[in-house]
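Below, all heavy atoms of this structure are taken into account, side chains as well, without hydrogens, waters or symmetry copies. Chain letters run A, B, ... following the sequence lines, proteins first, then strands; residues in each count from 1. For clarity, every value in this text was computed on a predicted model and none was experimentally measured.
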Amino acid sequence: MIRQKTASHSLELTKRRWAYTFLIVPILFYVVIRFYPTFYAFFLSTTDWDIVSKGKDFIGLENYRNLFSDALFWKTLGNTGKYVIYGLPVSLFLGFIIAYNIDRIRLGEGFFKAVYFIPYITSMVAVAWVWRWLYQPAPIGVFNKILMELGLPQQKFLFSQTQAIFSILATTIWADVGFQMIIFLAGIKGISTQYYEAAEIDGAGNWDQLRYVTLPLLKPTIVFLVVTGTIRYLRIFTQVLNMSYQGEGGPLNSTKPLVLYIYDTAFRSFDMGYASAMTVVLFLIILTITLIQLRVMKSEE
Amino acid sequence: MGFHDTFFKEEHMKKKGFATIVLLMLLMAGNAFLFAGGQQDVKSTAGDGKVTEIVYWQYYYETKKDLVDTLIRMFEAENPDIKVVHQTFPYEQYNTKVASSVPSGTGPNVINLFYGWLPTYIDSGYLQPLPQQTFSNERIESEFFPLVSAAKFEGSYYALPTAVRSLALFWNKDLFKEAGLDPEQPPKTVAEMIDFAKKLTKTDRTGNYLQVGMTLELRAQMHQWLREVLLRQMGGAPYSDDNRTVTYANKAGFDAFRFFTNLHLVEKVGMPNFMTDDVTAFKSGTMGMTVDGSFRLGTLDAVSTLNYGVAELPEMNGVKSNFASFWANGITSYTTGKQLEASVKFLEFLTSDTAMAMWLKQVGELPAKKDLAMKDEYRNDPKYGPFIRGLEYAVATKFIDENVQRKVWIDAWDEVVLNGISVEAAVNQAAKTEQKLLDNYYNK
């Protein structure tokens with residue numbers, strides 16, 4: 001009797017120990033490859049380290065002061081803002097519309113889900129290069145060929161200071177919509193049919209059901225998508241590196257996001273201190289926006 | 001009693017096993033810390049004092065890797081007391097790889113670097129000056145092409161190339177024939193080149209290019225052509241003699257850049273990014289003429305449908321000019337004693353006539369030594385000849401940061417072509433940006 005009790009007690013204990021062990025390993029790993037470099041970046045941002053020099057000279061806040069007078073920093077920060085402000089709402093809107101309609105059909109649901117989701121799981125580098133070719137001038141660019149056949153003038157797309165950022169955004173949204181759609185769909189499916197039945201009895205039409213049942217109940221889903229989406233668009237990088245010539249973020253830096261500027265500074269010019277300072281600024285921006293979003297969305301509940 | 005005993009023992013074992021696993025994991029985590037610190041040590045010392053091992057680094061390029069492997073075998077046969085470990089890295093990450101090996105104080109003994117990167121590595125103390133006993137300045141300056149002075153800093157040479165590259169004009173013979181031009185007569189002057197380019201250009205009704213006459217790719221070699229060729233032909237020079245001052249914000253600079261942008265705006269013989277880039281365009285037979293390096297011969301020869309010729313760059317106002325570049329081998333500063341001796345020997349071998357002759361045949365880059373390159377069999381070679389003759393008057397720009405120095409011209413182009421600002425304003429802006437870079441470097 002006593003023995004049995006001890007046995008079950010120690011079994012519990014062993015189980016718990018194993019659980020902790022499994023949890024500790026990733027944490028150790030994260031501390032080493034994630035947290036330690038993150039905090040190290042704070043330190044580096046106060047130095048003029050250029051990777052090849054032996055010393056890391058402490059220069060206080062000089063990097064941050066230089067940031068203020070660096071026109072390119074503000075330009076790339078502005079571009080990053082544009083990616084979020086134009087890109088995220090459109091991809092959320094499209095993602096929702098698609099999910100909403102897929103939920104209503106019975107035949108071929110799996111097919112449509114797959115078609116919209118495939119771009120998201122395709123490598124961004126491959127997507128970027130295919131689209132880059134689609135945007136080319138007429139002899140090879142499909143879009144311009146179509147325009148010409150319709151008798152319309154060719155567009156510059158990636159070579160234009162005004163069109164380039166939207167051309168890159170179109171590609172990004174095309175790839176991103178699948179993710180939003182799948183999460184929205186899960187959210188919509190999670191709403192109990194009882195609500196709709198009740199709404200129908202009360203005489204609510206399609207629009208009212210959407211407005212008063214679906215959207216309010218999707219709130220947690222929307223919060224999740226807005227927060228993760230904002231972070232994703234703030235860190236936009238791969239598509240710009242691959243779609244602009246030699247990864248310049250051109251023409252004339254019109255598509256260069258902050259992350260690409262950080263990358264150039266760190267790994268092409270080896271100015272690690274300055275790049276770290278920009279990283280810290282971006283980190284603080286992401287942190288602030290995320291906290292505000294969480295707070296706003298929560299307080300509305 | 002018996003049962004209790006066994007049970008206790010099992011429990012004890014379990015505990016022990018658990019502790020062992022946790023300990024192992026901690027050890028692994030500790031190792032991860034070590035790796036994060038970049039502590040892998042590739043330097044090896046001569047354990048028994050007999051065989052000295054040295055490490056050589058270059059980027060991965062198949063023909064280069066294979067040839068260096070062969071050269072190492074020959075070198076080791078001559079020097080049985082030396083072993084050379086050859087390591088290559090992908091080209092895209094090579095500079096980052098080298099740079100990140102510097103702070104950890106580990107890496108190769110002899111290293112192959114692009115000459116444009118040398119300032120960074122010399123400044124940081126990564127390379128040591130080549131020993132005067134073996135590589136005296138007099139010897140280098142009498143044997144090598146003058147352009148290797150791009151590896152000379154404060155009176156000392158820090159690196160030497162096996163091979164150098166210069167530019168030449170490539171023309172598509174089939175397109176020449178089609179345009180009614182003599183397929184065996186490349187343009188001799190810049191004026192002739194533009195005349196030919198106009199005949200080689202095809203557009204549709206709305207003016208879109210279907211075929212371009214010549215390359216205008218600043219991102220490829222045309223920024224070199226603009227800086228070291230066209231500007232000099234217009235009577236200017238890109239930099240002061242000490243390289244510290246930008247000297248093109250003047251009439252020669254404005255003329256050169258106006259001439260260049262007008263090729264697109266007025267003469268309409270081409271545009272940047274046609275068919276994405278000039279190599280693709282020339283390979284696919286939609287570009288009449290291009291300017292490129294000898295390293296491109298291999299790529300173009302692989303295209304069986306392409307019938308092309310190579311000529312010296314066209315002259316203008318009686319001025320011939322060319323741009324040369326090279327990858328050079330230097331010795332890292334932590335290499336000392338026996339390893340230094342071995343490294344110097346290896347570097348001598350890499351810069352020997354034997355190595356250079358093999359390099360031309362197998363890699364397609366030109367010998368860095370004058371006497372060898374100027375041999376008739378090389379000088380009059382139909383493909384290599386134009387490049388080698390170009391070396392006689394070529395300049396290797398002393399770049400501080402080639403990416404930035406190229407981008408100032410790309411941005412100047414966009415300002416003029418997309419934004420319609422004046423050539424003068426665009427060139428002045430380019431000069432200002434580039435001067436700031438030079439000041440940052442030289443006044444550090």
Side-chain angles (χ1 to χ4, degrees), chain A residues 3 6-7 10-11 13-14 17-18 20-22 24-25 27-29 31-33 36-37 40 48-56 129 132-133 136-141 144 148 151-154 156 158-162 245-248 250-254 264 266-272, chain B residues 3-4 7 11 14-15 18 21-22 25-26 28-30 32-33 35-36 93 95-96 98-103 105 120-121 123-126 204-211 217 219-220 271-277 280-281 284 286 401 403-404 406-407 410-411 413-415 417-419 437:
Chain A
R3 259 178 216 163
T6 323
S10 83
L11 192 67
L13 203 69
T14 315
R17 274 176 185 162
W18 277 110
Y20 277 118
T21 312
F22 280 116
I24 278 171
V25 176
I27 284 178
L28 280 176
F29 191 65
V31 165
V32 174
I33 68 150
Y36 165 69
Y40 197 58
D48 64 353
W49 191 43
D50 65 356
I51 207 171
V52 290
S53 298
K54 287 200 185 71
K56 299 182 182 73
W129 275 90
R132 179 174 167 170
W133 281 77
Q136 292 299 309
I140 38 176
N144 271 320
M148 277 173 74
L152 297 166
Q154 284 206 57
K156 287 191 161 146
L158 295 171
F159 306 138
S160 153
Q161 275 190 88
T162 44
Y245 277 86
Q246 295 187 347
E248 287 160 5
L252 290 171
N253 302 316
S254 62
D264 278 352
F267 299 108
R268 287 192 185 162
S269 303
F270 297 130
D271 195 346
M272 291 291 166
Chain B
F3 178 76
H4 185 91
F7 177 77
E11 184 67 348
K14 263 188 192 164
K15 268 189 182 153
F18 179 77
I21 287 168
V22 170
M25 282 169 172
L26 281 172
M28 274 159 63
F33 260 112
F35 282 123
Q93 290 124 42
N95 197 15
T96 314
V98 177
S100 55
S101 82
V102 179
T120 313
Y121 292 107
D123 257 22
S124 64
Y126 185 59
D204 66 7
R205 285 170 284 116
T206 47
N208 299 307
Y209 291 112
L210 300 174
Q211 178 178 310
E217 206 67 72
R219 289 176 177 83
M271 62 179 239
N273 310 324
F274 177 72
M275 296 292 283
T276 73
D277 60 86
T280 311
S284 64
T286 51
D401 186 338
N403 278 324
V404 176
R406 169 174 53 210
K407 192 150 186 298
I410 294 167
D411 285 350
W413 170 281
D414 283 343
E415 289 285 8
V417 174
L418 296 180
N419 287 350
L437 176 83

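Residue B:Asp411 comes nearest to A:Leu252 through the heavy atom pair O-CD2, 3.5 Å, listed as atom of the first residue, atom of the second, then distance. Nearest heavy atom pair, residue B:Asp401 against residue A:Ser269, reads OD2-OG, 3.4 Å.
Of the two parts of B:Met275, the backbone and the side chain both hold a non-hydrogen atom closer than 4.5 Å to a non-hydrogen atom of chain A. In this structure, no portion of B:Asp277 lies under 4.5 Å from any heavy atom of chain A. Proximity to chain B involves both the backbone and the side chain of A:Pro251, based on heavy atoms less than 4.5 angstrom apart. Contact of B:Tyr209 with chain A is made through the backbone alone, with heavy-atom distances under 4.5 Å.
Atom CG of residue B:Asn403 and atom CG of residue A:Asp264 lie 8.0 Å apart, to the nearest 0.5 angstrom. Distance CZ/A:Phe270 to OG1/B:Thr120: 7.5 Å, rounded to 0.5 Å. Atoms CG and CD, on B:Asn419 and A:Gln161 in that order, are 4.5 Å from each other to the nearest 0.5 Å. Rounding to the nearest 0.5 angstrom, the gap separating the CG atom in B:Asn273 from the CZ atom in A:Arg132 is 8.0 Å.
Heavy-atom contacts from other residues, nucleotides or ligands closer than 6.0 Å to NZ of A:Lys156 number 12 or fewer.
The greatest number of non-hydrogen atom pairs below 4.5 Å with chain A, out of B:Asp414, B:Leu418, B:Thr276, is found for B:Thr276. The choice from B:Thr286, B:Asn95, B:Leu210 that makes the most heavy-atom pairs within less than 4.5 Å of chain A is B:Asn95.
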